[in-house]
Every structure is written in structure tokens, then in C-alpha cells.
**Q** 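Sending over a structure as C-alpha cells; questions will come in a sec.
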Amino acid sequence: MAKVTKRMAKPAAPPSKAVGAPKKAKGKAATKISTKRVKAKVARAIKNKEPKLVENTKQLLVLRGNKTNEDVNHLLRDLRMIKAPDAKVLSKRNELHPFDDANSVEFLTTKNDTSLFLLGSSTKKRPNNVIFGRTFDGHLMDMIELGFENFKSIDDFKVKSKMAPGSKPCFVFEGNEWETIEVYQKLKNILIDMFRGTITTAVNLKGLDHVIVCSAAKNRVLFRHYSIDFKLSNDTHPRVELDEMGPRFDLSFRRQKFASADLMKAACKKPKELAPKKIKNVTRDELTGDKIGRIHVEHQDIYSMNVRRVKALRKSPAQLKTDDDEV
């Protein structure tokens with residue numbers, strides 16, 4: 001019988017390199033730096049937060065503390081309605097103590113792109129507590145803590161709100177304290193900054209539909225909110241009637257923290273591009289506002305002017321000769 005011999009299979013040859021394949025770099029591995037593409041949504045958000053010559057309408061961030069009651073919740077809701085639509089609400093309860101640590105408030109205002117915040121809380125130590133504050137460039141600027149009582153919500157008034165969304169309220173501050181005491185001055189500035197809305201050069205009379213009245217009385221502030229109703233009258237101007245529509249509450253001062261002089265100066269600084277160009281030799285009267293100018297006229301030779309010459313005023317040849325000799 002013939003022997004059957006088995007042949008061993010030859011090992012497979014290594015795969016041949018493809019033509020044009022990149023060669024491996026000798027030595028250290030080559031590092032490739034790849035730039036991450038920024039999404040269009042993120043780019044728009046970053047661009048909107050950039051400094052601008054003309055600022056947008058200031059937004060208000062409404063926050064709730066760790067503990068609140070029904071009055072605090074209704075007060076935050078009513079104040080948000082006055083500021084609407086330029087207000088954002090965070091319904092989640094937050095453990096916020098801006099007088100002890102302002103980092104959490106600064107983070108929330110920066111994230112939501114708001115420069116104003118309103119924080120409400122109620123604890124055993126400070127019941128019915130509300131904090132009005134504002135920031136500048138992501139840092140806490142001014143902050144006033146107030147307690148409120150005698151609260152009456154908008155729902156408790158029979159007068160229905162005629163306030164249009166985005167309308168500008170009128171402000172009335174009663175009492176000398178608003179001009180003489182620093183705490184009242186700061187509170188007045190914060191309230192106007194919070195509820196003034198969009199800055200305009202002209203206001204339509206029909207757009208004035210509500211007024212906020214703040215009265216200073218015995219170290220307290222009486223906050224009242226009225227709707228404006230125009231009635232027909234025999235005069236050219238309509239007759240104005242005020243109907244209280246809420247909210248109504250009394251404020252008492254507790255704690256406050258104000259910005260330094262340097263930070264306030266930086267916040268109030270106006271860009272050079274928006275400063276009015278100064279015109280030489282032109283001023284304004286402080287009382288009437290009339291424009292006062294100074295005009296510089298060159299020296300005029302009245303003898304060479306083509307005017308009517310009176311015989312009595314003519315100089316004789318002898319006078320003209322003496323004048324030439326003196327010169």
C-alpha cells in the first residue's frame with residue numbers, strides 16, 4: 001500500500017501594504033490638536049451676554065428660600081406680575097443665604113442672565129422676609145432685607161387689574177426720608193431700577209395704566225399699587241381716578257449691604273461712544289434750558305464798508321493827513 005503523506009499548510013503571508021497608505025511616524029508619536037466646534041446655540045448665548053453700548057431691559061430673577069409660607073408665595077407672584085414679562089421664576093426651593101455667602105445667588109443670576117433678584121423666605125427668626133438685590137458684572141452689588149406685614153394680595157381686591165404686560169408704572173415717593181436717609185435712598189433706587197422696564201424717550205398717555213405709591217412713615221415703607229382710570233372732563237386733560245388693585249403691604253428694614261464707592265462708580269460709568277459731543281462755546285441755561293452761544297466775529301473795517309456816508313461825519317483832507325502821519 002502506498003503511504004499517504006500529509007503536507008503541513010504554509011503560514012499565511014503578512015498582508016501587503018496598500019499603495020499610498022500613510023507610513024508610521026518614527027520616534028515619538030505625532031500629536032494632533034483638534035479644535036472643538038462650538039454649537040450655534042451656545043455661540044448665540046455667549047454673544048448675547050457680551051457687553052453692549054445700549055443695555056437690554058433688566059431681567060428679574062424670583063427665588064424661593066428653603067422655607068416659605070402662603071403670604072411669601074403670593075407676594076412673589078404679585079411682584080412678578082408687575083415686572084412681567086421681564087421676569088424669570090425658579091419654583092424650586094433653594095438654601096440661599098446671600099448675606100453669609102453670595103456665591104450661590106451670583107451663580108444663579110449669571111446663569112439666567114439677570115441683574116436683579118428677589119428672594120422670599122419665612123423662618124422663625126425672620127418671618128415674612130423678602131430681599132431686594134441687584135448685581136453688576138456677575139458680582140453682588142446692593143442688597144436690602146425687609147420684613148413685610150399687613151399683606152393683601154391682588155386676588156383680595158375687587159378691582160380687576162387693567163395693567164398691560166410690559167407697561168411702565170408711575171412712581172410716587174412720599175416723605176422727606178427718601179432724600180435724606182441713605183437706606184431709603186438705596187431702596188428707592190432699587191425699586192425704580194427693578195420696575196422701570198424698558199427705557200424710552202417718550203411715553204404715551206394711554207400707556208400709563210398703574211402707579212406705585214411708596215410712603216415713608218415711622219421707619220416703615222407703605223407699598224400701595226393703584227390702577228389709573230381716565231375719565232372725561234371739561235378740560236383738555238382727562239380726569240384721573242385711582243383704584244387700588246394690590247398688592248398692599250408694609251415693609252420694615254432688617255439688614256442691608258451696599259456696594260463700595262469704586263464698584264458703584266464702575267456700574268454708573270457711561271461709555272464714551274454714547275457721551276454727547278461737546279460743542280465749543282455753547283452752553284445751556286440751568287433754569288430755562290435755552291441754548292446760549294458765543295460767536296467770535298472778525299474785526300470789521302467800517303471805513304471800507306459800502307454804507308451811506310453822512311456829510312457831517314466825513315473827515316476832511318487835513319484830518320486824513322494827520323491820521324496818516326500818526327500811523
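Computed from heavy atoms alone, side chains included, the values below leave out hydrogens, waters and symmetry copies.
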**Q** If hydrophobic clusters are built from ILVMFWY residues whose side chains come within less than 4.5 Å, do Ile190 and Leu119 share one?
**A** no

**Q** One pair to check against side chain to side chain contact (heavy atoms under 4.5 Å, CB included): Arg255 and Arg126. What are the steps and the verdict?
**A** CA-CA 11 Å; Arg255 292 183 294 177; Arg126 294 184 180 89; 3.5 Å; yes

**Q** What's the separation between atom CD1 in Ile131 and atom CG in Leu96, rounded to the nearest 0.5 Å?
**A** 9.0 Å

**Q** Does a side-chain heavy-atom distance below 4.5 Å link Leu118 with Leu61?
**A** no

**Q** Run Thr114 and Gln59 through side-chain hydrogen bond (donor to acceptor under 3.5 Å, both in side chains) and show every step you take.
**A** CA-CA 5 Å; Thr114 57; Gln59 302 290 320; over 6 Å; no

**Q** So which atom in Phe230 and which in Leu208 form the shortest heavy-atom distance, rounded to 0.1 Å?
**A** CE1-O, 3.5 Å

**Q** Do you know the tightest heavy-atom contact between Glu177 and Tyr184?
**A** O-CB, 3.2 Å

**Q** May I ask you to establish whether Lys152 and Phe157 are in a cation-pi arrangement, using a distance under 6.0 Å from NZ or CZ to the six-membered ring centre and at most 45° from the ring axis?
**A** yes

**Q** Check salt bridge (charged side-chain N to carboxylate O under 4.0 Å, His left out) between Lys58 and all other residues, then give those that pass, not counting sequence neighbours.
**A** Asp193

**Q** Going by the ring pair (Phe, Tyr, Trp, His ring centres under 6.0 Å) test, which pairs reach into residues 87-114, not counting sequence neighbours?
**A** none

**Q** Considering non-hydrogen atoms only, spot the tightest contact between Lys291 and Val282 and give its length.
**A** CG-CG1, 3.5 Å

**Q** Taking the side chain as C-beta and beyond, is there a heavy-atom pair between Ile212 and Cys170 under 4.5 Å?
**A** no

**Q** Working to the nearest 0.5 Å, report the span between CG of Asp250 and CZ of Phe223.
**A** 11.5 Å

**Q** Would you check, one step at a time, whether the test side chain to side chain contact (heavy atoms under 4.5 Å, CB included) holds for Val62 with Leu90?
**A** CA-CA 6 Å; Val62 181; Leu90 297 183; over 6 Å; no

**Q** Mind checking what makes ring pair (Phe, Tyr, Trp, His ring centres under 6.0 Å) contact with Phe173, not counting sequence neighbours?
**A** Phe171, Trp178

**Q** Start with the C-alpha distance between Arg239 and Asn234, add both sets of side-chain angles, then the distance that settles side-chain hydrogen bond (donor to acceptor under 3.5 Å, both in side chains), and finish with yes or no.
**A** CA-CA 9 Å; Arg239 181 168 55 88; Asn234 298 328; over 6 Å; no

**Q** If you define the side chain from C-beta out and look only at heavy atoms, does anything of Pro247 sit under 4.5 Å from Met81?
**A** no

**Q** Can you give me the closest heavy-atom contact between Ser227 and Met245, atom names plus distance?
**A** CB-SD, 3.6 Å

**Q** Go through the steps for Ser122 and Thr68 under the test side-chain hydrogen bond (donor to acceptor under 3.5 Å, both in side chains), then give the verdict.
**A** CA-CA 5 Å; Ser122 181; Thr68 59; over 6 Å; no

**Q** Can you find a pair of side-chain heavy atoms, one from Lys88 and one from Leu63, that are under 4.5 Å apart?
**A** no

**Q** Which heavy atom of Leu140 sits nearest to which heavy atom of Leu263, and what is that distance?
**A** O-CD2, 3.9 Å

**Q** Do Met194 and Arg134 come close enough that some side-chain heavy atom pair is under 4.5 Å?
**A** no

**Q** What I'd like to find out is whether the side chain of His225 reaches to under 4.5 Å of the side chain of His210, using heavy atoms alone.
**A** yes

**Q** State, yes or no, whether a side-chain contact exists between Asp78 and Phe151 at a heavy-atom distance under 4.5 Å.
**A** yes

**Q** Could you walk me through whether Asp290 and Arg284 pass the side chain to side chain contact (heavy atoms under 4.5 Å, CB included) test, one step at a time?
**A** CA-CA 6 Å; Asp290 297 335; Arg284 290 278 183 180; over 6 Å; no

**Q** If every non-hydrogen atom of Cys214 is compared with every non-hydrogen atom of Leu191, which pair is closest and at what distance?
**A** SG-CD1, 4.0 Å

**Q** Within the structure provided, determine whether Met264 and Phe136 are in side-chain contact (heavy-atom separation under 4.5 Å).
**A** no

**Q** Within this structure, what is the CD1-CG distance for the pair Ile295 and Asn281, rounded to the nearest 0.5 Å?
**A** 9.5 Å

**Q** Given Asn69 and Asp71, is the side-chain hydrogen bond (donor to acceptor under 3.5 Å, both in side chains) satisfied, shown in steps?
**A** CA-CA 6 Å; Asn69 54 22; Asp71 289 342; 5.2 Å; no

**Q** CZ of Phe148 to CZ of Arg254: how many Å apart, nearest 0.5 Å?
**A** 9.0 Å

